[in-house]
Amino acid sequence: MMWELIGIYVAIISLIIGAIFTMVGAIGMLKLDNPMSRLHAPTKVGTVGIGALLLASMIHSWVTADGSFNELLIMAFLFVTAPISANFIAKVYLHTNEDKTLPKPPRDDTWSTLNVPAADRDLIED
Amino acid sequence: MEILVASAIGILTAAGIYLVLRLRTFPVILGISLLTYAVNVFLFASGRLAVGAPPILRDGVEVYADPLPQALVLTAIVISFGMTAVVVMIGLGAFLGSDTDRVDDPAEDAS
Amino acid sequence: MSHWIILPIVLPAMLAPFIVLAARYHIGIQRVFSVAGILAQIALAIGLAWQAADGTVTLYQLGDWAAPFGIVVVADRLSTVMILLTSVLALFVLLYAIGSRWDERGRHFHALYQFQIMGIMGAFLTGDLFNLFVFFEVLLIASYGLMIHSGGNERLRAGVQYVLFNLIGSTLFLFALGSIYAETGTLNMADLANRVDLIGEEATVGIRVASVLLIMVFAIKAALVPLHFWLPSSYAEAPAPVAALFAIMTKVGAYAIIRVYTMVFPPELEATAGLHGLWLLPAALVSLALGAIGVLAAKKLDRLVAFSVISSMGMVMVSIAMFTQASITAALYYIVHSTFAAAALFLITDLARAGRRDLALTPQPVIAGATRTAGLFFIAAIAMTGLPPLSGFVGKLLILDAGFATDMATWIWAVILISSLVSVVGFARAGSVVFWKAQSIDPIDVEEGVDMTPPSALAYTAVGGLVAMLVAHTVLAGHTSGYADKIAAQLFAPDAYMSVVLDTPGKLSDGSYEDGEEY
Amino acid sequence: MSLATDILNWVLIATFIVVAFSQIMAMLRLVKGPTVGDRILALDTMVVNALGIIVLLGMWYGIGIYFEVTLLVAMLGFVSTVAYAKFVLRGDVIE
Amino acid sequence: MSLFLIVALPFLGALLPGLMNSAGRAACAGVTFVVTLAAFVGLMTNLPAVAAGEVVSVGVDWIPIVGLNFNLMLDGLGFFFATLILGIGLLIITYARHYLAREDHMGEFFTYLLLFQGAMVGIVLSDNILLLLIFWELTSLSSFLLIGYWKHLPEGRQGARMALTVTGMGGLALIGGMLILGNIAGSYDLSVILQSKDVIQDSPLYLPALILILLGCFTKSAQFPFHFWLPHAMAAPTPVSAYLHSATMVKAGIFLMARLWPVLSGTPEWFVIVTTAGLITMCLGAVIALFKHDLKALLAFSTVSHLGLITMLLGTGTKFGAWAAVFHIFNHATFKAALFMSAGIVDHEAKTRDIRLLGGLRVLMPITFVIATLAALSMAGIPFLNGFLSKEMMLEEANHTTLFGMPWLVPVLATFGSLFSAAYCFRLIGHTFLGPVRESYPAKPHDPGFGLWGPPAILVVLVVAVGVAPFLATPMVQLVASAVVGEAGAFDDKYIKIWHGLVPALYMSIIAVVGGLVVLAMFKPLLRAWDAAPRPEAKTIFEALISGVVALAQGISHTLHNGAFSRYAAIAMITFIAVGYHAWQTGTVGEASRVIQEAGPVAIAGWLLLVAATIGLVLMHRRRLLALVLIGIVGLMVSVGFVYFSAPDLAMTQFTVEVVTIILLLLALNFLPKQTPVESSLSRRLRDGGVAILGGVATLILSYHYLIRDAVTGPISEFHLANSYKGGGGTNVVNVILVDFRGFDTFGEIIVLGIAALLIYALTETLLNGPVRARLLNRRPDQARAGDVHPMMMVVLTRVIMPVVLMVGFYIFLRGHNEPGGGFIAGLIVSIAVVMQYMASGFNWASDRVRFPYHGVIGAGVLVAGLTGIGSWFVGKPFLTSDFTYVRIPPFQEFELATAALFDVGVFLAVVGAVMLSLESFSRLARRAHDKDSDHPMDIDPSREDDAQAVKGA
Amino acid sequence: MKSAVRWLMPHPFLTLILAVVWTLLQNDISAGMVVFGLILGILIPWGTAAWWPDQPQDFRLGKMVSYATIVLWDILVANVQVAWIVLTRSNESLRPAWVVIPLDLREPEAITILAGTITLTPGTVSADLSSEGHSLLVHALDCPDPDAVRDEIKDRYERRLKEIFL
Ligand code: NA
Ligand code: NA
């Protein structure tokens, strides 16, 4: 009984955390004015937000039913894929926007995304 | 709730019809996709709406959503997937051959 | 347990993947299997038709589930005749495809062909509306593949329209099925027929809308004006053997209307009274007329034939729309006739292509064998336009006779007779340009790149076979029309069919399964 | 216990509303853009939020069987994000 | 000989000349002659019976349900016509053998001729009017072939088409008329119909039937206003003209009027229509004939005129009229066939038929001159020739006929017609044969061999014989006329004689002959007046009419079928809505029977998102990538909706399908324009919007209607819920329905998928082997592509994730029977795992490592599913019957083994194969467009440098 | 023997992961399930080995665990920081910047983990690799001093990863 009660309250707290972070992600995405900056908010905050919801769900299932670890798997999945998604979106940004502030790589010629194949060079719009 | 679903069907249908009446293959295919959504939801709704009652049998549970329309919609989704793939491919083939993705056939009058 | 009924569906369904798996690179082996499969189909169809001839309705419960809970296929006079028609047509068309080497001009012709047959057979045999949808989709998607077989810009462009239009049709089918299930809670046709009787007169809109949505789905298949627009280009652009096989596809629509609107929504059903009278017959008459006008207006031979298909479907639909036993008899007779006639014409059109730049109705040089082709064209055109002595004329007589007693008799007669005349003029103009006027052209003027090889003997044999079917359908018209009458009689007394479908016990209904755990 | 359950229900409803609201905000970003990257990002976020909604539904109805759906959404959302991005980067998604 | 055989002989014989063309001209003609002779002799064997007044009849049922039976009968009328057809046929065959040129395809000609002959014999022997119709139309068809026999001549083709069009039209009218007639009489058998005069004439349908039947007769027999086709049919070879247009085809209409005379005639309608048409035709034909310069054209219009005469006689409705008509039919057949053949001889020898170029042939072609002159004088109505006899009778009948209340009208017109008839006959003789011999004939004419002049000579012998000794014809006329009027021996046979005394008819005859001479004397000024007079040229009118109709048809057809799919679709949508609305608005709306459920905030938010995405999609659909993103949202929201409404299986399917579809669309969009241009006008968009809103409102109302009401009785799914576990062994009812209750649907569904993949593959192959290939090779991307094709992070992640996803797929598959999932979803998941690998390391690199050909996977899937179904046959159960059991193998828990799972394996394989084959095909298009592929799974890999250095160091 | 094991289990670590995933999926730790998971864990890597051709990198599991713990902690802290930034700071006051991290790591797996770590932790996102893979481009949300960020990343994460991947 005691554990169940604790479980419920932990779930409630997790839900609240999850809700806050989900919200923060959304606000960040709307509010920030730089596309690269906007990328920060959802990929990280969102992940943790939903992670917290999953945690709440897991705890809740232990309290009310047989319980499951399934949510852990989903959480792991989100954590592993989030950086790749972010990486791809960043690449899209680099490819479609000319960012004057972009530094040069110290040892190599250019950044890999900007390394447009020779055949396509004349297609780059100025 | 019912009006939400019904209006969603209506709006999907309207949007689908509008896009189907466009002149290029791509929007027409998008329109067909929207119509497919609309009709899938319609067919699904023919089993009426039930919330929180998936038709997975559980001890002590008496009320379930109607499973039959779900099975029918599942079949319909799969079939329309195949159809979409096919029409995309044929449309692409037509575009590659003639360099235009118009749906209407301009040469008809001459034939 | 006799499994013969399911074989017309299962056999091609197994043969096609086998061809894909085992004979993908060997056209010769593909041909052997394909022809063997169709021959087996004919044998099966003859057996089934024989079995059904005395009025026996045979039921097959897929998965051993009783109707309406599982899917059933049902063999009665109508469905067995339709599969026999399909398989005979399929044989000649297949022989033509081989003889003309159309099958080599792209990949997977034979597999798609078998799948196409499977879809058509399924549509004729199934007793379940949703399963009918599935088979419609099977036959449609196979037809897409066959239609664009061997590619080409015009063909692909026509293919896009064909597919898109049919996608709209499939969507409508699902709307109709959703409406039917929502209103009645069932999908089995026989069960549906029972349940629509329960609908009181105070709440009929649901079933009325469902009924018209469904008939429009079938009307699209049957190329009823104004839902026929998919047909001219796709049939004209399809490879000839494919267009010839498609001759049966429009009949699937006609079949479905006959089946559903004699059993489920018969004319005397009160809930759906007055639904089709207003527009179905007029639409059919317009189809007939518009098809004939298209024949007269066509500037290419293949389009001309395509419009003649619309016209002939108009005839079929006029006859069906009267919904009397005599008119359904006439429709059935005409369905058989117009299937062979249209198929023959499409193939002959392809024969006429030999040595020509295109099929435009302009004089172009003719090559050896053109006289034979011209003769075949003349015969097929006679059949198609309903001139004596071939089956088209007999069918027309039957339809006119059936129309004599109706309110619309004047319209029916006038449109049928005038449309016939217009078609005759159209065919005469086309034939005299393509086959006669061409003889005034010097063969030396042949352009580069035009294939001068005369069609093969096998191709001619295939066409000859179809023409022979037309002749047989004429000479044996007493028997064929008499059997059509028996089919119609069975259709207008559907209780026997329904009781076979619904009263045959299946799994769980005979206590063969122990009670399991409760859920 | 019943108090805790009540609170849980209230918090659940509040979380539903918050996540739904986040979805709408993401949708706004999607429509606004302005860059392609923003739109893909918004779509990615919406998929993840949808996953959240499904998790919440599972809690609300006490049914564990939405797990498969959630798992699928997590996997496929990622794949579609990559597909859109690859399209913008290369034109060809599979090359 | 049996009547069947008489009719069948020409048809069966028709095969012979066509097949033995190479045997030579003589053989072709010979066999045709023998066949005809056999039929003729066969016919004659029936003479005794017919002469005795019997009606010979035979019959066999053909199509009983419509009353079309193969019943033949032979009475006097039929015998008379059959004799004409076969007898003159024999002469024509002989003549044609010598007439046709060496290069003409003789076999073909005689085949058509025999077909025609058979059809004519069929008409006159039919005892069933539907059967008669068949033969009737056959004469149109076979004459179409005969008239168009010289295919290289435009006049031949046009004439054939005109004849077919006009007689075809009449034939169709006749079908209508005959069907009405049969329906009134209750039978299509002539023997019954001929007994039903009162029923028929009292029927309200009498007039329509009469008009339709007369249309058939008038078109066939070239009665005004359908007379114009006949002269154009003269483009046919002369034997054809002589046969068709003197003795046979044009007489078919006359025959039918005579045949139905007992039941149709005698009413005012019949009298007015038939007599008027006959009179006008007679006069008009005669006048036109006079001014024709082409011998055959002159004869053609004279035929028109004489057919008018016969029609007029039948129209009077009196027995005497019928009698005169019969006699004139015979007489006309003899002299007209002789004249046509003579004209053919002239043409054959002088190489022209233009009267203006001829003259003086009396000296050069004395035999022909005699034959033609006798025949022409007979036609002119000169005594001692048979034409005189029947013309006298006609004039006599005219004197007793009052039309439109004017007793003088018919006699005056009859005399007028006879006058011009005499005139053109005299012109024919005078301008062709008399006068001085010319130097300027296109060829030097002389009399031909017996083969050509023999046949007309035989006919002229008849002309003279009957003319001199009329009693020779009396029994025949007696017999035939009795058959026409349906009463035996009702005639005063004394009337067929040369001298009747000074009756008005004689004066009229004299006026005609003298007037004819006068007219010929004034021919030159008359011709000038004729040429100056404006008159409608029938051919021009007909052609203008036809081309007008064709233009109208093209206008209609091409405007309607203009290739605009968008309009086709709009018409279809409007039709659906309109018909649906009609069904709704004529029905009754019942009470709502369900409780409406509350919508929570989540539902409303979901609805908002769905609607926003949908509307956004419509507004922004021109930006195609954005549209794809938005449709992704729509799909996502629909999936979430499925979860919300208790359909996890659906949600999973929808979601996975969505992803695969988007990847497919992205693959395609790679080649397509990235923007959709603005092309339709505002009004067009408003129209489309209107249609769309109507459709939307319709589906909204319809779905809401169903949602708030229950079905009429419990849905069949109650059974599925109750028996899913008991009978199907699974707790996921949706899955049990898919693999068991309705496994047959699923079987069809995987076949659809398999076909889709095969199609896509086949089309890719076709494209890559066709002209598109070069295009693809030279294709340039529409924007610069980013570097780093196969990013390291993605590759590394995929190495771990793909196996995990595969495992998840396996898991979903296994659980599908009891929890959400199943073969289909598992198949999609596995496909997506492989796609991830493709996206990470590229198509070539990844597919080189795939071990199974996808074709095989599809085929195997369908086969496994099918064989699972077939497996149940071996336990005596229907296709796809499932069975299941629970087994326990340590250390595993008890688990279920179900045949349905094996079926699901088939589903799984088919899905994987289909999805992968499709994606592969799409990718292959792009692959051709690319230059090179990497040997490495990722583009950037610093560790490779180490390896390279290590290699270098070693 | 070792080569036989290698052949059977080309990627033992992957096998382990799969077994764990299977257990998590099944929601049930019975002997049968673990055995079944192991069977799958062997079969699947074996079936997919063609797509992971490189010899797997040896690494120190213990150090990996401690690395993961640090990262998890950083994620928690970082998220609060980012949330704070998002909620309280105005766009004008933010100083986003690019940070270039020269890489000492060579192994793709190691670089990927580093990049992932950077994305999951405070206000940074790994955006791109340099064209030869010798540097990592990182975007920082609010970064007055890019060099400091670079040094911290190199010190806190890359150094540890170098110890994990020998
Ligand atoms: Na993500
Ligand atoms: Na399925």
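Only a predicted model underlies this, so the values are computations on that prediction, with no experimental measurement involved. A note on names: the letters A, B, ... follow the listed sequences, proteins ahead of strands, and every chain is numbered from 1.
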### Query
What option among E/V804, E/L797, E/D848, E/D788 has the most heavy-atom pairs under 4.5 Å with chain F?
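Ranked by heavy-atom pairs under 4.5 Å with chain F, first place is E/V804.
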### Message
Looking only at heavy atoms and a cut-off of under 4.5 Å, which of E/R799, E/Q837, E/R849 has the most pairs with chain F?
### Response
E/R799
## Note on the structure
Cut-off 4.5 Å, heavy atoms of chain E, and the answer for F/L129 is side chain
### Message
Please classify the contact between F/S130 and chain E as side chain, backbone, both or neither, with a heavy-atom cut-off of under 4.5 Å.
### Response
backbone
#### Entry: Engaged part of E/V850 at the chain F interface, taking heavy atoms whose separation is under 4.5 Å
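Both backbone and side chain.
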### Query
Given that the side chain runs from C-beta out, which part of E/M794 has a heavy atom under 4.5 Å from chain F: side chain, backbone, both or neither?
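The answer is neither part of E/M794.
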Has the side chain of [X] got a donor or acceptor atom that lies under 3.5 Å from a matching backbone atom of [Y]?
X: F/D128; Y: F/L137; result: no
X: E/Y761; Y: E/S918; result: no
X: E/N732; Y: E/H817; result: no
X: F/D142; Y: F/L94; result: no

### Query
Between F/T48, F/L18, F/V21, which residue shows the highest count of heavy-atom pairs closer than 4.5 Å to chain E?
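Looking at each of F/T48, F/L18, F/V21 in turn, F/L18 comes out on top.
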### Task
Against chain E, work out which of F/S131, F/G41, F/S126, F/P108 has the most heavy-atom pairs shorter than 4.5 Å and name it.
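Between F/S131, F/G41, F/S126, F/P108, the count favours F/P108.
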### Query
Which one of F/K162, F/R159, F/R160 satisfies the salt bridge (Lys or Arg N to Asp or Glu O under 4.0 Å) criterion with F/D104?
F/K162
### Task
For the residue pair E/N735 and E/D649, confirm or rule out a side-chain donor-acceptor distance under 3.5 Å.
no
